[in-house]
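What follows is one structure encoded as structure tokens, with my remarks underneath.
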Amino acid sequence: MFAPIVVLFRNSLGKAKFNKLRGKAIALHSKVITNVCNRLGIERTARQNFIRTARDNGKKLGLLA
């Protein structure tokens with residue numbers, strides 16, 4: 001779904017800069033998930049599953065193209 005946009009964005013930024021930016025975005029998203037889980041008292045294994053689900057959804061939507 002988003003793969004063409006991601007590829008276009010990667011080509012315009014350059015692969016190295018794009019990967020650095022994407023890594024920061026993924027880390028930030030994982031941090032948000034962790035903070036929400038900590039606030040709600042959700043266990044570590046459930047948090048890991050949420051992060052895996054976010055990764056899998058990103059792949060399905062083409063955000064990790």
Side-chain angles (χ1 to χ4, degrees):
M1 174 183 227
F2 293 104
I5 296 168
V6 172
V7 171
L8 219 129
F9 193 62
R10 181 180 62 207
N11 290 341
S12 68
L13 270 182
K15 214 172 194 179
K17 193 171 185 177
F18 174 78
N19 285 338
K20 188 176 181 179
L21 181 65
R22 181 171 67 179
K24 287 181 182 181
I26 290 169
L28 180 63
H29 191 230
S30 295
K31 197 175 197 177
V32 168
I33 292 171
T34 298
N35 289 340
V36 169
C37 288
N38 288 341
R39 184 168 286 180
L40 297 176
I42 296 172
E43 294 180 7
R44 185 181 69 120
T45 54
R47 183 192 78 218
Q48 290 171 339
N49 288 333
F50 289 142
I51 292 171
R52 283 189 193 105
T53 300
R55 181 198 62 207
D56 293 343
N57 287 339
K59 285 180 183 178
K60 287 178 187 175
L61 291 174
L63 295 172
L64 300 177

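These values consider heavy atoms only, across backbone and side chains, with no hydrogens, waters or symmetry-generated copies.
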Measure the spacing between [atom1] of [X] and [atom2] of [Y] and express it to the nearest 0.5 Å.
X	Y	atom1	atom2	value
Arg44	Gln48	CZ	CD	4.5 Å
Asn49	Glu43	CG	CD	11.0 Å
Arg47	Ile33	CZ	CD1	9.5 Å
Ile51	Cys37	CD1	SG	7.0 Å
Lys60	Thr53	NZ	OG1	8.5 Å
Asn57	Leu63	CG	CG	9.5 Å

Side chains of residues 4-12: which donor-acceptor partners sit under 3.5 Å, not counting sequence neighbours?
residue, atom, partner, partner atom, Å
Arg10, NH1, Ala65, O, 3.1
Asn11, ND2, Val7, O, 3.4
Ser12, OG, Leu8, O, 3.4
Ser12, OG, Phe9, O, 2.9

Option passing side chain to side chain contact (heavy atoms under 4.5 Å, CB included) with Ile26 (candidates His29, Arg22, Lys24): Arg22

Minimum-distance pair of heavy atoms, taken over all atoms of Phe18 and Leu13: CA-CD1, 4.2 Å

Side-chain heavy atoms of Ile42 within contact of Phe50, under 4.5 Å: yes

Leu21 reachable from Val32 in the ILVMFWY side-chain graph, under 4.5 Å edges: no

